[in-house]
Amino acid sequence: MTIYDISQEVFGCAVFPGDPSPKRTVKMSIKNGDVCNLTELEMCAHNGTHVDAPYHFIEDGKTIDEVDMKRFVGYAYVATHEGDVTAEDAEKILSSAREAVKASGNEDCDAYNRILVRGNAVVTEGAAKVFAGNNILLFGNESQTVGPEDAPMAVHLIMLGAEIVLLEGIRLAEVEDGIYLLNAAPINLGGADGAPCRALLMK
């Protein structure tokens, strides 16, 4: 089995404009005579590689601890795309995922339900509606947000409104297009709008 770590290192990670950056404070140090090394960290739930829960943009939406874990863990399909993802592009990505699943011969594979986009891609409202209309479980991208960085609300409302988990800030440069097993389980932050995760793909 090959395992791909598609997560960013937290303290050097990309941060959405305006969000606080992660901070590490050494509270105890063996070299200073303490009994152990101990780190205190301070960060935003949406720093680096993270997942968005519906509550991020929807007041009565599910918080991260309320989201079904099957959305974060399971088969996923990686597709490469650069630029705006239009409704037509979204349909093509989903069609490619279904064809790959059929070709795999694995009756249990549902990779078309978890879509990861490799490249500098921006989800349009049209694409968001296609993904929502197809009831996918999770959508992941390399940007720190889905949709335009200067106007992310509309796309978030469409996708989170359909309870699609958004896995943002992943790193897929070393990953080829195709089917993988995904584990993007978040830290269990009760009542939170999102959470960091150590996202892994397995081939």
Side-chain angles (χ1 to χ4, degrees), residues 2-8 14 16 49-54 56-57 67-68 70-184 197 199-203:
T2 302
I3 299 176
Y4 300 91
D5 185 351
I6 60 170
S7 307
Q8 299 179 56
F16 186 80
T49 304
H50 67 278
V51 289
D52 290 356
H56 186 34
F57 274 83
V67 178
D68 192 328
K70 73 179 181 182
R71 293 181 174 272
F72 305 105
V73 181
Y75 289 103
Y77 181 74
V78 174
T80 299
H81 188 87
E82 294 291 334
D84 287 351
V85 181
T86 65
E88 182 180 0
D89 295 327
E91 294 282 9
K92 287 180 179 178
I93 289 170
L94 289 172
S95 177
S96 295
R98 292 188 188 100
E99 289 174 7
V101 167
K102 185 176 180 180
S104 74
N106 182 352
E107 295 181 358
D108 296 324
C109 183
D110 66 342
Y112 47 80
N113 277 325
R114 298 175 194 83
I115 301 297
L116 308 181
V117 176
R118 178 179 185 265
N120 185 21
V122 178
V123 177
T124 64
E125 290 183 47
K129 290 175 181 177
V130 169
F131 291 130
N134 280 272
N135 299 311
I136 69 170
L137 302 176
L138 177 145
F139 179 87
N141 63 296
E142 298 204 69
S143 171
Q144 289 305 115
T145 186
V146 297
E149 190 174 277
D150 59 348
M153 180 179 286
V155 170
H156 275 81
L157 287 174
I158 293 167
M159 298 181 79
L160 293 176
E163 296 197 350
I164 298 171
V165 166
L166 301 180
L167 172 59
E168 298 171 328
I170 53 177
R171 293 294 180 261
L172 297 169
E174 306 302 318
V175 180
E176 296 180 354
D177 290 8
I179 296 173
Y180 299 83
L181 275 171
L182 169 71
N183 184 345
C197 68
L200 304 173
L201 286 178
M202 290 153 277
K203 191 72 171 179

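Small disclaimer: the values here were computed from a predicted structure and weren't measured.
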- Query: Okay, side chain of Glu174, backbone of Tyr4: is any donor-acceptor separation there less than 3.5 Å?
  - Reply: no

- Query: Do the side chains of Tyr75 and Val101 get nearer than 4.5 Å, heavy atoms only?
  - Reply: no

- Item | Crowding at NZ, Lys102 (>12 non-hydrogen neighbours, <6.0 Å) | no

- Might you point out which heavy atoms bring Asp5 and Ala199 nearest each other, and give the distance in Å? OD1-O, 3.5 Å

- Task: Indicate the atoms forming the closest heavy-atom contact of Leu167 with Leu116, along with that distance.
- Result: CD2-CD2, 4.1 Å

- Under 3.5 Å donor-acceptor, Glu91 side chain and Val130 backbone: no

- Asp52 versus Val146: any side-chain heavy-atom pair under 4.5 Å? no

- Message: As a quick check of understanding, evaluate side-chain contact (heavy atoms from CB on, under 4.5 Å) for Ile179 and Asn106, giving each step before the final call.
- Response: CA-CA 11 Å; Ile179 296 173; Asn106 182 352; over 6 Å; no

- Would you say Lys70 and Asp110 make side-chain contact, with heavy atoms under 4.5 Å? no

- Of the non-hydrogen atoms in Ala184 and Cys197, which two are nearest, and what is the gap between them? O-CB, 3.8 Å

- Item | Worked verdict on Asp84 versus Thr124 for side-chain hydrogen bond (donor to acceptor under 3.5 Å, both in side chains) | CA-CA 6 Å; Asp84 287 351; Thr124 64; over 6 Å; no

- Quick check: does any side chain N or O of Arg171 sit under 3.5 Å from a backbone N or O of Glu142, one acting as donor and the other as acceptor? yes

- Message: Tell me if a side-chain donor or acceptor on Arg71 pairs with a main-chain N or O of Leu137 at a distance below 3.5 Å.
- Response: yes

- Query: For the residue pair Pro148 and Val122, what are the closest heavy atoms and their distance?
  - Reply: N-CG1, 3.5 Å

- Message: To the nearest 0.5 Å, what is the distance between CG on Asp177 and OG1 on Thr80?
- Response: 3.5 Å

- Message: For a 4.5 angstrom cut-off between non-hydrogen side-chain atoms, does Ile6 reach Thr49?
- Response: no

- Check Ile115 against Ala97 and note the closest heavy-atom contact, atom names and distance. CD1-CB, 4.1 Å

- Note on the structure: Taken to the nearest 0.5 Å, the spacing of Asn113 CG from Asn134 CG works out to 9.0 Å

- Please lay out, stage by stage, how Glu168 and Asn141 fare under the test side-chain contact (heavy atoms from CB on, under 4.5 Å). CA-CA 5 Å; Glu168 298 171 328; Asn141 63 296; 3.7 Å; yes

- Message: Whether the side chain of Arg118 engages the backbone of Ala173 through a donor-acceptor N/O pair (distance < 3.5 Å, no angle test) should be reported.
- Response: yes

- Would you mind reporting whether Thr145 and His156 have side-chain heavy atoms less than 4.5 Å apart? yes

- Query: When you look at CD of Glu176, are more than 12 heavy atoms from neighbouring residues, nucleotides or ligands closer to it than 6.0 Å?
  - Reply: no

- Message: Measuring only between side-chain heavy atoms, which start at C-beta, is Phe16 closer than 4.5 Å to Glu149?
- Response: yes

- Task: For the pair Phe131 and Phe139, name the ring-plane relationship: parallel under 30°, tilted 30 to 60°, perpendicular over 60°.
- Result: tilted

- From Leu182 CG over to Phe72 CZ, what is the distance, rounded to the nearest 0.5 angstrom? 10.0 Å

- Message: If we ignore hydrogens and angles and just use 3.5 Å, is the side chain of Ser95 paired with the main-chain N or O of Lys92 as donor and acceptor?
- Response: no

- Message: If I take atom CG from residue Leu201 and atom CG from residue Asn183, how far apart are they, to the nearest 0.5 angstrom?
- Response: 9.5 Å

- Message: I need the Asp89 CG to His81 NE2 distance, nearest 0.5 Å.
- Response: 4.0 Å

- Message: Tell me the closest heavy-atom pair linking Pro54 and Val67, and the distance in Å.
- Response: CD-CG2, 4.1 Å

- Approximate separation, where rounding is to 0.5 Å, of Ile93 CD1 and Glu88 CD: 11.0 Å

